[in-house]
Amino acid sequence: MKKTVDPTDRGFIGDTNAPLQSTLAAEYSMLGQSLQRRGVRIDEISQLVSAFGVALPSWGVGTGGTRFARFPGEGEPRNVFEKLEDCAVIHSLTGATPTLSLHLPWDKTDDFAALKEKAAALRLAFDAVNSNTFQDQAHQRASYKYGSITHTDPAVRAQAIEHNIDCIRIGRILGSKALTLWISDGANFPGQQHLARAFERYLASAAEIYKALPDDWRLLIEHKMYEPAFYATVIQDWGSSLMAAQTLGPKAFCLVDLGHHAPNVNIEMIVARLVHAQRLGGFHFNDSKYGDDDLDAGSIDPFRLFLIFNELVDAQWRKAPDFSPAHMLDQSHNVTDPIESLMGSAVELQRAYAQALIVERDLLGQYQQDNDVLMATQTLKRAFTTDVSPILARARLDKGAAIDPIATYRASGYRAACAAKRPTGTGSRSGIV
Ligand code: LRH
Ligand code: MN
């Protein structure tokens, strides 16, 4: 077997970077000169990009699947501790993923305090925890077949509320500051569910969960147009999510999962509205062409991702009140090495952020004011068509990460080492994880 190296080892990363540094320095200086002509200081952008972090989905480091099949890859993590190890590799090589988001009970363990210690030793921390009332667990009292916190049976609602409160308890041990509440509750046929009463049950149950939130926590309400419900979903769109957040209280916010909208929906507009309402709680970044495809961020429509970051940078720039969205990835890696996909996606988020940071906002504002449509769209597009790769690589280098994360990861032989250490199950079964 090829010699394997620990990809989190700084010496190994430094050795792999060495032959790439002079080219990077030349490209960085070229870009710096071109940006200077636009009145943009490249070092300022690199520092902001360096400070950007996105949370990894614990459920994303294993191979994902669909309802048809899941084809496990080599060396899959078998438990949350091994998921942490893989997340540490992603952060060591990109410098952009200092936190991860757990999903319960998928990441259940007997000792969450030990998990927190292990994470700290790997220079990782925990972002929002995710509850799960869209699957029935073994030995569960009541089924979620017809819903969870909006079920017509109060006993089922109570069970689902209890689970969410337990997720908050676990999150407090881990140092999380938010609970992401996505529920699959809805209907497959007209008439199956009373649309108004279901929403009222949602508000009443969510209020019980809200009561259990510590003062410095947030409740992140995640809307989704459809799936697994195929006619109506209780929290189907940003309007329902915003109404719920405003009803529940100041700790309730809206989480935007990019894949949870109909194709062609203007998501950057939704972001602008949620910023205005001071209820933009965060994102589940991914990409999609048709439905909730959970593909790698920036892989299908990088311009859309740029336009979303353009709204975020503009809000930051105009000092929008109460603006601190949580950035998280939520993807399913069915045919790629999850570690490579997550590294690539983190870099694509940094790219969209860097492009949004170099937008000449005063100039753009003037053209918008003057209704000079052509010059306004060109000014925005100039930022998107600028290759900011040297800034991203420089930000990684400055943090001791890899100039080329994928090449460094492959050179380490980490996946082969995992395959030797973590025997893979046989056959393929369906399901997203
Ligand atoms: C629902 C969702 C939600 C998670 C799940 C894994 O589609 O986006 O955020 O709980 O995926
Ligand atoms: Mn999501």
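This chain uses plain numbering: 1 for the first residue, then up along the sequence. Indexing begins at 1, ligand by ligand and atom by atom, following the structure's order.
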Could you tell me if Ser50 and Asp398 have a donor-acceptor pair between their side chains, going purely by distance under 3.5 Å? no
Would you check whether Asp294 has a nitrogen or oxygen atom less than 3.5 angstrom from a nitrogen or oxygen atom of ligand 1? no
Considering both backbone and side-chain atoms of Lys224, is one of its nitrogen or oxygen atoms within less than 3.5 Å of a nitrogen or oxygen in ligand 1? yes
Looking at Phe303, I'd like to know if the NZ or CZ of Lys381 sits under 6.0 Å from its six-membered ring centre while staying within 45 degrees of the ring's axis. yes
Is it true that Phe112 and Phe126 have ring centroids separated by less than 6.0 Å? no
Ligand 1 versus Asp292: contacting region, heavy-atom distance under 4.0 Å: side chain
Here the atoms of ligand 1 under 4.0 Å from any heavy atom belonging to Trp182 are 1 (C), 3 (C), 10 (O)
Please step through salt bridge (charged side-chain N to carboxylate O under 4.0 Å, His left out) for the pair Glu85 and Arg422, ending with a clear verdict. CA-CA 12 Å; Glu85 288 165 12; Arg422 307 167 180 172; 3.4 Å; yes
Ligand 1 N/O within reach of Asp330 N/O, cut-off under 3.5 Å: yes
Look only at interatomic distance and state if Asp257 has a nitrogen or oxygen under 3.5 Å from any nitrogen or oxygen of ligand 1. yes
List ligand 1 atoms under 4.0 Å from His284, heavy atoms only on the residue side. 9 (O)
Pair Phe384 + Phe306: ring centers closer than 6.0 Å: yes
Any N/O/S atom, backbone or side chain, of Asp330 lying under 2.8 Å from the Mn ion (ligand 2)? yes
Is it true that a side-chain atom of Arg157 and a backbone atom of His151 form a donor plus acceptor pair closer than 3.5 Å? yes
For Glu222, is at least one N or O under 3.5 Å away from an N or O on ligand 1? yes
Other residues, nucleotides and ligands only: do more than 12 of their heavy atoms fall within 6.0 Å of NZ on Lys421? yes
I want to know if ligand 1 touches Trp59 in the polar sense, i.e. an N/O pair below 3.5 angstrom. no
Please give the atom name: the N, O or S atom of Glu222 nearest to the Mn ion (ligand 2). OE2
Looking at the rings of Trp106 and Phe134, which for Trp means the six-membered one, are their centres under 6.0 Å apart? yes
Report, rounded to 10°, the angle at the Mn ion (ligand 2) between the two atoms OD2 (Asp257) and ND1 (His284). 110°
How does Glu227 reach ligand 1, by side chain, by backbone, by both or by neither, if only non-hydrogen atoms under 4.0 Å count? neither
Pair Tyr146, Asp153: side-chain N/O donor-acceptor within cut-off below 3.5 Å: no
